Every structure is written in structure tokens, then in C-alpha cells.
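Here the structure is a predicted model, which means the values were calculated and not measured. So you know, we letter chains A, B, ... as the sequences are listed, proteins then strands, and number each from 1.
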Amino acid sequence: MAEVVQPHSMDHQHKEYSNGERHLVAHDTVKNEDFSDEDEIPWGQRIKMDTSTDRKDFKEEQSDSEDDIPWSQRMKDDTKKNGSSSSRKSVKKDESESEEDYKPPAKKDRKEKEDKKKKKEKESKSSSKDKGRTSNESPVKRKKKEEEQDDVWEWWKEDKKPAGVKWNSLSHMGPLFAPPYERLPKHVHFKYNGQNVHLSENAEEIAGFYGRMLDHDYTSNEVFNKNFFHDWRKSMTSSERELITDLNKCDFRQIDVYYKEQSEKRKAMSKDEKLAIKEEKEAELKKYGFAFIDGHKQKIANFRIEPPGLFRGRGGHPKMGKLKKRIMPEDVIINCSKDSEIPPAPKGHKWKEVRHDNTVTWLVSWSENVLGQNKYIMLNPSSKIKGEKDYEKYETARRLKNMVGNIREVYTQDFKSKEMRVRQRAVALYFIDKLALRAGNEKDVDEAADTVGCCSLRCEHIKLHEALDGKENVVEFDFLGKDSIRYFNQVAVDRRVFKNLKLFMENKSQGDDLFDRLDTTTLNQHLQSLAPGLTVKVFRTYNASITLQEQLAKLTNPNDNVAQKMLSYNRANRQVAILCNHQRAVPKTHEKSMAALEQKIKDKKKELKAAKNELKGARGPNKEKAKKKVDRLKDQYKKLKISRTDKDENKQIALGTSKLNYLDPRISVAWCKKFDVPVEKVFNKTQREKFRWALDMADEDYVF
DNA sequence: TCCAGGACTTGGCACAAGGTCC
DNA sequence: GGACCTTGTGCCAAGTCCTGGA
């Protein structure tokens with residue numbers, strides 16, 4: 001079998017940002033002609049090569065008169081939207097349940113319904129349960145799988161609820177609270193200015209949050225330290241506050257050591273002790289981990305209330321280090337149906353509120369003190385409520401596929417609109433479509449790190465090059481996006497886009513908005529007018545999914561073995577991750593594990609050589625045996641080499657996010673079926689649970 | 001009409017769990 | 001069975017988008 005030939009090489013250039021941010025650039029060396037089948041082409045890829053030539057249907061050269069349009073008034077007024085929000089209020093919502101829509105079933109109905117469902121499922125199990133299963137499963141595994149399937153709710157075969165209604169009946173056990181603080185043993189001291197200081201319980205707990213982060217970069221960050229120290233001092237007694245006035249004189253090392261020891265102890269526990277803990281966890285999961293929705297048992301995603309700690313804002317978050325307070329039952333709102341048994345609050349406590357709102361999907365909510373935002377307990381991605389939404393998301397993206405040609409025509413026309421706002425909208429949409437940029441909502445600089453998306457790009461985030469590396473009209477993007485991850489890309493763009501950008505930047509300083517006549521609301525309103533349900537983020541989903549589909553078609557060789565096919569799949573997945581700028585830190589273990597793999601490959605090669613020699617001298621029945629050995633070793637050797645390639649190409653790219661959030665799972669399922677790859681190779685157990693609907697729906701002919 | 005706030009999705013990382021190797 | 005490595009999961013921050021009330 002032929003070696004896997006890399007269809008195109010991706011050279012990921014790593015650069016360090018001044019603040020140490022990572023960044024990744026894909027130099028796609030695919031030739032233009034590879035993408036000649038233009039309407040099926042994943043735009044996101046083409047843009048990285050040269051977008052000025054990739055659209056045949058763009059009207060050939062228009063007059064340059066656009067540049068002569070007097071834009072005299074364009075920048076004078078409304079230069080900037082008003083400054084954003086002041087402090088947030090926590091508004092207590094009314095009991096907003098719609099009585100007409102809400103008809104909860106009686107409790108006994110639920111039981112009946114469940115029994116009925118179980119019976120039905122048992123009947124249909126023999127026909128449906130084999131889907132996606134490999135043939136060589138052990139009986140134990142099979143039994144486990146069957147048990148798991150007991151609660152499968154095939155919601156995609158049922159009628160949908162009226163719009164706005166999320167459930168008819170909902171019951172659950174409420175949240176599980178963080179365990180109470182346990183004081184440090186007497187021998188563990190916090191020191192101030194070299195002296196042991198006995199802290200009050202509150203102050204000690206918060207010192208502990210800091211102490212166990214000593215190894216982390218956070219504790220050398222000025223903002224983090226300032227915020228921490230400010231909040232810590234607020235929690236001290238007056239005498240503590242009087243004494244402890246300088247963080248530099250605080251010594252948390254013993255606390256750090258203590259928690260490390262605790263962690264080591266846990267690791268070194270006996271089997272029985274570990275088992276006891278596991279059982280305890282399982283019991284908690286059993287009690288709190290499930291909700292009943294419309295008679296169906298559904299997994300909850302996060303039934304634990306977030307424990308207190310220090311806020312770990314990312315990038316240059318202005319609030320990092322602030323104290324996240326302990327949440328008490330009195331802070332918590334419970335949402336469940338009226339007829340359900342209301343979960344009891346912990347002894348001696350009561351809930352802030354019990355609500356019966358079936359227009360929302362959350363079970364429990366509370367308000368977090370650092371940013372004043374609401375936090376929720378919601379259902380697991382495998383639940384009907386999440387799955388249905390996911391399915392709809394991909395259906396919307398598929399609808400976009402059918403109309404994206406028209407939309408592109410419209411925004412191309414708009415490049416020469418007389419109205420500045422229309423031109424800006426068109427160029428922004430061009431970026432969103434071609435580069436899969438995020439929308440870029442406005443942010444309050446006091447509340448969050450300075451990151452941007454498309455609509456919030458500032459002049460300082462792009463550079464215009466008339467020519468660069470043999471290409472014309474190149475735009476260089478360099479900005480921090482979501483999670484302060486750097487987006488760096490040099491893109492050849494449509495000539496009219498380039499001209500427009502020059503125009504947008506005229507008479508502006510670096511800190512000014514590039515699209516000063518545009519925001520996400522306006523853009524989304526425009527998109528809604530083109531198609532109901534169409535928003536900026538649909539483009540990301542669409543472009544990701546279409547890219548996967550196209551790349552799979554291009555890269556998969558039906559004659560390959562499963563390992564080779566999986567390399568192709570991962571490469572297709574990687575293209576999407578690059579498009580979406582899904583980066584990860586190179587794992588600390590990368591070099592080491594690559595070296596180990598390298599050694600394995602060497603050893604295997606030796607082994608193979610020896611086996612080949614053996615084969616040469618073998619006679620009679622031994623010859624057949626030796627031949628088999630050589631074949632087996634060859635196979636293993638190839639697998640190792642594939643694994644090395646895959647691992648190395650992947651070191652800086654995170655595939656998980658796109659797989660979980662952007663790629664229509666039916667594309668992957670169809671690919672597995674078509675090329676005879678077990679679906680377990682592509683989706684692990686959790687992913688299969690999340691995408692159960694897709695596993696059931698898609699056959700090998702599925703087209704996104 | 002505007003915009004703050006609510007609801008929900010997207011996102012990377014840390015660490016636990018589980019598998020493999022010796 | 002312990003060390004080491006890989007994979008999976010939980011966590012919770014940070015986005016998007018929509019809605020309700022002023």
C-alpha cells in the first residue's frame with residue numbers, strides 16, 4: 001500500500017506575541033487549481049491563498065468611480081457609539097410562566113409514560129441498538145451499552161413543542177454545594193514579615209486560594225495580585241487588616257506545600273480508599289446528576305455549585321484575582337415545574353426563590369459576584385433540550401449553504417454602495433464569510449480583557465499591503481480574539497475590499513473603530529432580513545462544516561487502511577480548526593512523547609528487519625508463520641509513523657472545539673459509513689451520546 | 001428605539017481516569 | 001503493580017444573540 005501522501009503541507013509558524021500570547025499561522029501551499037471546483041470550495045481555505053481571484057461570479061471590474069464619491073460627510077458625525085454600560089443591576093425576574101402553554105402532567109402520568117417508553121424501547125432495541133457498533137465487542141461491554149441505552153429518548157422522531165416552550169414538566173434534586181472549608185492543621189503557618197500569623201477562618205480560606213496558586217503565572221501578575229490583596233483585606237478582621245498591609249511580605253509557602261501534600265496523599269491512597277471515594281462520587285451523581293423532563297430522565301451537565309476561589313480571568317482581564325464568594329442556598333434560584341417535588345434546601349437554609357419558568361432550560365441559577373453575571377445549572381449535551389438546539393443549528397447552516405451564493409453576490413454589489421454603512425457591512429460580512437471571524441460584540445473595557453471580533457476591529461488591528469510575498473492587496477490581521485488568543489493572518493483580498501478598507505481608515509487614528517458605522521446588532525438585523533434565523537455565527541458553522549465535507553472528499557483514499565483514513569479525517573478536522581483559529585498551548589509533554597515515539601519507531605524498524613531476515617531463511621510451515629509476522633510488524637510500523645505525523649501536525653491545534661461545536665456530526669457519520677471506519681474512531685462515548693441523533697439519522701449518502 | 005441583562009453556546013486548560021508498558 | 005502516557009471530563013470564563021422594559 002502506498003505511503004500516505006500529504007495532500008498539502010501546512011507550515012505552522014509560531015510567533016511570540018509581546019505579551020507571550022501564542023499564535024499560529026497556516027501557510028497553505030495548496031495550488032489554486034486544487035480548488036477549481038469553485039462553488040464546492042471551502043472558502044475559508046481559499047482565502048488563505050488568494051481571494052482576489054477565487055470568485056468567478058464576481059462581476060468583472062467595475063468602474064473606479066466609487067473612489068470619486070464624495071465621502072465628505074462620512075466621518076464627521078457619530079464617530080463612535082456611546083460608552084457602554086454602567087454597573088449591572090441584579091433584577092429579580094417575575095414569575096413569567098405562561099399559564100396557557102403550561103400543562104404539566106400529573107406525577108403518576110410521568111411514571112406511566114416512562115414504563116410505556118421502556119417497554120417500547122425494549123421492543124425496538126433489537127433493531128436499533130446495533131447502529132454504530134463494532135462486531136468484536138465483549139459481552140460485558142455489550143451489556144453495559146444496553147444498560148446505557150435504557151434511557152435513550154429519540155426526540156428527533158417526535159413532534160416539536162410550540163415555540164418558546166422548553167418543557168412541560170421538570171423536576172430535579174437541586175444543586176450540590178461546595179464542601180465547607182476545612183481549617184489548616186496547626187503546624188501549617190502563614191507568615192507575615194517572617195513571623196507566623198494565625199489567621200481568622202475567612203482570611204485563612206482566602207489565603208489558601210492564593211497559596212495553592214503559587215506555581216501559577218497568575219501570582220506574578222500585578223493586576224491579579226492587586227485585586228486579590230484588595231479583596232482579601234476586605235475579608236480580614238480589623239486587626240489582621242491593620243497588620244497585613246503589603247502582599248510582598250506575605251509568605252504562603254507552607255500553605256502551598258500543605259495542599260501539595262494533600263494532593264500526593266490522595267494519589268497514594270489504597271485501592272479501597274480510592275474505591276470509597278469513587279462510590280461516594282457515584283452516589284452524588286446518582287442523586288443530583290439527573291433531571292426528569294417531560295417524563296424522561298436526562299443527565300445534568302454541571303450539578304455542582306462553583307466553589308469559592310479567585311477569579312481566573314484570561315488575557316489582561318481587569319478583574320483577575322478577585323474573590324469569587326461562596327454561594328449559599330439563599331443565593332440560589334430553583335426552576336422546576338409547579339407540580340414537581342421542590343428540591344429541599346440544605347438543612348437550616350432556604351432558597352432565594354423557586355420559579356416555574358418553562359420558557360427557559362436552566363434548572364438552577366445564581367448570580368456571581370465578580371462580574372455580576374448569572375450562572376446556570378443546565379442539562380448535559382446528550383439531553384433532548386441541547387440536542388434539538390444543536391440539530392437546528394446545523395439545519396440553519398445547511399440553509400445558508402443554499403443561499404450563500406446570493407448573499408455573496410449582494411455583499412459584493414454592496415462594496416460600491418453609496419452609503420458608507422452599507423459598504424462597511426459588506427466588507428465585514430466578506431471577512432466573516434471568508435475568514436470565519438466571530439461577530440465581535442462591544443465590550444466594557446472595565447469588565448473584560450481587550451479582545452475584538454470582526455465588528456469591533458480597530459484600525460490598529462489591520463495593516464494594508466499593496467503587495468506582499470508576490471500577492472496584491474494583502475490585509476494583515478493581528479488582533480486578540482476570544483480568550484485573548486492571537487489571530488494573525490495575511491490575506492489577499494478582493495481589490496474593492498482593499499480600496500474600501502483604505503477608505504474606512506482615512507483620517508482615523510489607530511485606536512478608532514475600523515467599522516465605525518457598524519455593530520453586531522445592525523449586521524445581524526441585516527442577515528435576518530436575508531434569511532430568518534441567519535446570524536453571524538451561522539457563517540462560522542457553515543464554513544466549518546462545508547470545509548470538513550470538502551476536505552474529507554478530497555483527502556480520503558478508499559483503499560487506505562483505517563489508520564490512514566483516520567489521518568485523513570484528522571487532517572480535514574485540522575483544516576477546520578485552523579480556519580476557526582482553535583489553538584492550544586503546545587503540551588509540555590510534547591517533545592518528550594515525540595522522542596518516545598521516535599524510539600518506538602526505531603525499535604519497530606529493527607524488529608521488522610530481523611523478521612524479514614528470518615523469513616528469508618524460513619522453510620515449510622515456518623515460512624508462512626514468518627510471513628505473517630513480517631506483515632504484522634509492517635502494519636505496526638506504518639501505524640507508528642502515521643501516529644507520529646498526526647501528533648506533530650496537531651501539537652498546536654485543538655480539534656475538540658470544532659468537532660464539538662462546528663462540524664455537523666452527520667458529515668462524520670456518513671464518512672464513517674461510506675469508508676467503513678468504525679464511528680468509535682471519530683467520536684468517543686461522550687461525543688456519541690451528544691450526537692446520538694446524528695448517528696441515527698445519517699446514512700452514507702448524507703450531504704451537508 | 002435603545003440597551004442592559006438574561007440565556008445560551010463556545011472555548012481552552014487542568015487534572016483525573018484509564019490504558020499501556022515493563 | 002508502579003511509572004508513565006494518553007484520553008476524557010469537568011470547570012468555568014468568554015463569547016453570541018435576543019428580549020423585555022424604560
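Backbone-only engagement by G481(A) is indicated by non-hydrogen atom pairs under 4.0 Å involving sugar-phosphate atoms exclusively. The residue G440(A) sits close only to the backbone: its heavy atoms come under 4.0 Å of sugar-phosphate atoms, none of a base. Heavy atoms of T451(A) sit under 4.0 angstrom from primed sugar atoms or phosphate atoms, though from no base atom. Contacts of Q528(A) with the nucleic acid, taken as non-hydrogen atoms under 4.0 Å apart, involve only primed sugar atoms and P, OP1 or OP2.
Applying the ring pair (Phe, Tyr, Trp, His ring centres under 6.0 Å) rule to Y394(A) yields no partners; only residues at least two apart in sequence or on another chain are considered. Listed by chain and residue number, nothing satisfies the salt bridge (charged side-chain N to carboxylate O under 4.0 Å, His left out) test with D331(A) (two or more places apart in sequence, or in another chain). Remark: Y569(A) engages W671(A) in a ring pair (Phe, Tyr, Trp, His ring centres under 6.0 Å) (not counting sequence neighbours). Qualifying side chain to side chain donor-acceptor pair (under 3.5 Å) partners for R644(A), counting only residues two or more places apart in sequence or in other chains: E598(A). Checked against ring pair (Phe, Tyr, Trp, His ring centres under 6.0 Å), F431(A) has the following partners two or more places apart in sequence or in another chain: F477(A). Applying the side chain to side chain donor-acceptor pair (under 3.5 Å) criterion to N650(A), with sequence neighbours excluded, gives R574(A). Partners of N441(A) under the side chain to side chain donor-acceptor pair (under 3.5 Å) rule, at least two apart in sequence or in another chain, are T520(A). For F311(A), the ring pair (Phe, Tyr, Trp, His ring centres under 6.0 Å) partners are H317(A), not counting sequence neighbours.
Atom OH in Y542(A) sits roughly 21 Å away from atom C1' in dT16(C) (whole-Å rounding). With rounding to whole Å, L527(A) atom CG is found 13 Å from dT16(C) atom C1'. In this entry the distance linking CE of M320(A) with C1' of dA13(C) reads 12 Å, nearest Å. Between the P atom of dG11(B) and the CD1 atom of I653(A) lies a distance of 15 Å, rounded to the nearest Å. A straight line from NE2 of H317(A) to C1' of dA13(C) spans 8 Å, rounded to a whole angstrom. Rounded to a whole Å, the CD1 atom of I377(A) is 14 Å from the P atom of dA7(B). The distance from atom CG of L371(A) to atom P of dA7(B) is 17 Å, rounded to the nearest whole Å. We find that CG of L655(A) is positioned 16 Å from C1' of dC13(B), with the value rounded to whole Å.
Side-chain N/O atoms of T522(A) and D519(A) include a donor and acceptor closer than 3.5 Å.
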Under 3.5 Å, which protein N or O atoms sit close to an N or O of nucleotides 7-12 of chain C? Give each pair with its distance.
unit_1	atom_1	unit_2	atom_2	d
dT9(C)	OP1	T686(A)	OG1	3.1
dT9(C)	OP2	T686(A)	OG1	2.1

Check nucleotides 8-10 of chain B against the protein and report each pair of N or O atoms closer than 3.5 Å, with its distance, or say if there are none.
unit_1	atom_1	unit_2	atom_2	d
dC8(B)	OP1	K166(A)	NZ	3.2
dC8(B)	OP1	T361(A)	N	3.4
dC8(B)	OP2	T361(A)	N	3.0
dC8(B)	OP2	T361(A)	OG1	2.9
dC8(B)	O5'	T361(A)	OG1	3.4
dT9(B)	OP2	K386(A)	NZ	2.4
dT9(B)	O3'	K537(A)	NZ	3.3
dT10(B)	OP1	K537(A)	NZ	3.1
dT10(B)	OP2	K393(A)	NZ	2.8
dT10(B)	O3'	Y662(A)	OH	3.0
dT10(B)	O2	K482(A)	NZ	2.5

Identify each atom pair where a protein N or O and an N or O of nucleotides 14-17 of chain B are less than 3.5 Å apart, giving names and distance.
none

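Within the structure, salt bridge (charged side-chain N to carboxylate O under 4.0 Å, His left out) contacts touching residues 364-379 of chain A (residues at least two apart or in different chains) are E306(A)-K375(A).
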| From CA spacing to verdict: side-chain contact (heavy atoms from CB on, under 4.5 Å), M378(A), K386(A) | CA-CA 9 Å; M378(A) 290 189 186; K386(A) 296 289 183 192; 3.3 Å; yes
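Of the residues near DNA chain B, S365(A) and A654(A), the one whose nearest nucleotide (by heavy atom distance) lies more toward the 5' end is S365(A).
Note on ring orientation: taking the six-membered ring where Trp is involved, the planes of Y210(A) and F228(A) are parallel (angle under 30°, cut-offs 30° and 60°).
Set against dT16(C), dC13(B), dG12(B), the side chain of N441(A) has dT16(C) as its closest nucleotide.
Contact check, K443(A) against dG15(C): a side-chain N or O comes under 4.0 Å of OP1 or OP2.
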